[in-house]
Peer 1: 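Just passing along the structure, written as structure tokens.
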Amino acid sequence: MSDYIVRIRRHWESLSQLDPDTSIIDPNDRRGEKNRYIAWLRDRAFKAALTRVDADGADRFEVVLDYGCGSGSASLPLLRDGRVVVGIDIAQGLLAQAARRCATYPCIFARSDGVSLPLRRSSVDAVVTYGVLIYLLDDADAEQLLREIRASMRPGALIVIIEQAKRRHGLSNDGIKVFRTPAEWKALLEAAGFVVDRTAIMRSGRFPLVPLIRTGIVPRALWPLIAMLEGWFVRAVGIPPWDYVDLVLEAHS
Ligand SMILES: C[S@@+](CC[C@H](N)C(=O)[O-])C[C@H]1O[C@@H](n2cnc3c(N)ncnc32)[C@H](O)[C@@H]1O
């Protein structure tokens, strides 16, 4: 296992000491309200992509791989929608939280080495992944992993990836994640053999109303309005020069 994967595993194992909603998005969000808002946007994007294709093809995506599932925050709504979830992650502590949180549903959680996938060929109907591939700093590792994910997907399966993107390629200040540009994310998926059907910006990292949500004073009934304003903002501005965005990529094999 490469040094940087060992470092990333250590980072996520240490966060698994926190509450399962705090650990996986912004660990400094002590009230957890900002994390819940972002998770709500994420789950809405996954659900929209899966149900759109379900409806188009009269072909339901039943078995879903949640790659880099963390504490099972995205797995739970998929299970509540009647799907079966296979969750894979590098951090045992987070997987234990996921197993506890989803215990009453049809799911299985397993640890991987972060660059290969312990799944049979053509065994899943769809794949979702949120905030994971940015931790694969090396494009060759990310491409190899995506090839393995593709091999685990049955013909016609869908993959929905949500990752941070910036106008310019660069590492985060702590050096543990890489910001790829939208064109680089698309090229990476294509290099692994996927056909990209759709890309869209889901949110902007520092949208000014999100700090308000974090204080806890914004009622949840207002989240759809804030999401709508955020949607207008990112459609008008694209990726702001000072910020990152969460980019949604939908592709098939
Ligand atoms: C930002 S958290 C997101 C967790 C989850 N996807 C969610 O939406 O709640 C990133 C997750 O990716 C996992 N991770 C990081 N690098 C990974 C890799 N190479 N393979 C599998 N999981 C990885 C971490 O352990 C962590 O659980």
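When a ligand or atom number is given, it counts from 1 through the structure's own listing order. Note that the numbering runs from 1 along the sequence shown for the chain.
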Peer 1: Any heavy atom of Ile25 sitting closer than 4.0 Å to ligand 1?
Peer 2: no
Peer 1: Using a 4.0 Å heavy-atom cut-off, which part of Trp12 comes near ligand 1: side chain, backbone, both, or neither?
Peer 2: side chain
Peer 1: Please determine whether residues Leu119 and Leu95 belong to a single hydrophobic cluster, defined as Ile, Leu, Val, Met, Phe, Trp and Tyr linked transitively by side-chain heavy-atom distances below 4.5 Å.
Peer 2: no
Peer 1: State whether the side chain of Thr199 and the backbone N or O of Leu249 hold a donor-acceptor pair below 3.5 Å, judged by distance alone.
Peer 2: no
Peer 1: For atom 3 (C) of ligand 1, what's the nearest protein heavy atom and its distance?
Peer 2: Tyr130 O, 3.4 Å
Peer 1: Can you report which non-hydrogen protein atom sits closest to atom 1 (C) of ligand 1, along with the distance?
Peer 2: Ile24 O, 2.9 Å
Peer 1: For atom 9 (O) of ligand 1, what's the nearest protein heavy atom and its distance?
Peer 2: Arg42 NH1, 3.0 Å
Peer 1: For the pair Trp40 and Trp223, name the ring-plane relationship: parallel under 30°, tilted 30 to 60°, perpendicular over 60°.
Peer 2: tilted
Peer 1: Quick check: is Leu145 connected to Leu189 through a chain of hydrophobic side chains (ILVMFWY, heavy atoms under 4.5 Å apart)?
Peer 2: yes
Peer 1: Knowing that exactly one of Ile161, Ile88, Val128, Asp89 qualifies, which makes a side-chain contact (heavy atoms from CB on, under 4.5 Å) with Tyr67?
Peer 2: Ile88
Peer 1: Indicate, as side chain, backbone, both or neither, the part of Arg9 found under 4.0 angstrom from ligand 1 when only non-hydrogen atoms are considered.
Peer 2: neither
Peer 1: Got a donor-acceptor contact below 3.5 angstrom from the Asp66 side chain to the Gly87 backbone?
Peer 2: no
Peer 1: With backbone taken as N, CA, C and O and side chain as the heavy atoms from C-beta onward, which portion of Ile90 lies under 4.0 Å from ligand 1: side chain, backbone, both, or neither?
Peer 2: both
Peer 1: Which ligand 1 atoms, with their elements, are less than 4.0 angstrom from a heavy-atom of Val132?
Peer 2: 12 (O), 14 (N), 17 (C), 22 (N), 23 (C)
Peer 1: When you look for heavy atoms under 4.0 Å from ligand 1, do you find them on the side chain of Ala39, its backbone, both, or neither?
Peer 2: neither
Peer 1: Nearest to atom 13 (C) of ligand 1, what protein heavy atom do you find, and at what distance?
Peer 2: Asp89 OD2, 3.3 Å
Peer 1: Which atoms of ligand 1 are found less than 4.0 Å from any heavy atom of Gly70?
Peer 2: 27 (O)
Peer 1: Report yes or no: do Ile134 and Val115 belong to one cluster of Ile/Leu/Val/Met/Phe/Trp/Tyr joined by side chain heavy-atom distances under 4.5 Å?
Peer 2: yes
Peer 1: Number the atoms of ligand 1 from 1 as they appear, then name those within less than 4.0 Å of a heavy atom of Tyr67, with their elements.
Peer 2: 18 (C), 20 (N), 21 (C)
Peer 1: What protein heavy atom sits nearest atom 19 (N) of ligand 1, and how far off is it?
Peer 2: Gly114 O, 2.9 Å
Peer 1: Of all the atoms in ligand 1, which lie at a distance below 4.0 Å from a heavy atom belonging to Cys69?
Peer 2: 5 (C)
Peer 1: What protein heavy atom sits nearest atom 6 (N) of ligand 1, and how far away is it?
Peer 2: Gly68 O, 2.7 Å
Peer 1: Students should be able to answer this: which protein heavy-atom is nearest to atom 10 (C) of ligand 1, and at what distance?
Peer 2: Gly131 O, 3.2 Å
Peer 1: Taking the side chain from Asp246 and the backbone from Arg203, do they hold a donor-acceptor pair closer than 3.5 Å?
Peer 2: no
Peer 1: Between Ile8 and Phe179, is there a shared hydrophobic cluster once you connect ILVMFWY residues whose side-chain heavy atoms come closer than 4.5 Å?
Peer 2: no
Peer 1: Side-chain heavy atoms nearer than 4.5 Å, only ILVMFWY residues, links allowed to pass through others: does that put Ile159 and Val195 together?
Peer 2: no
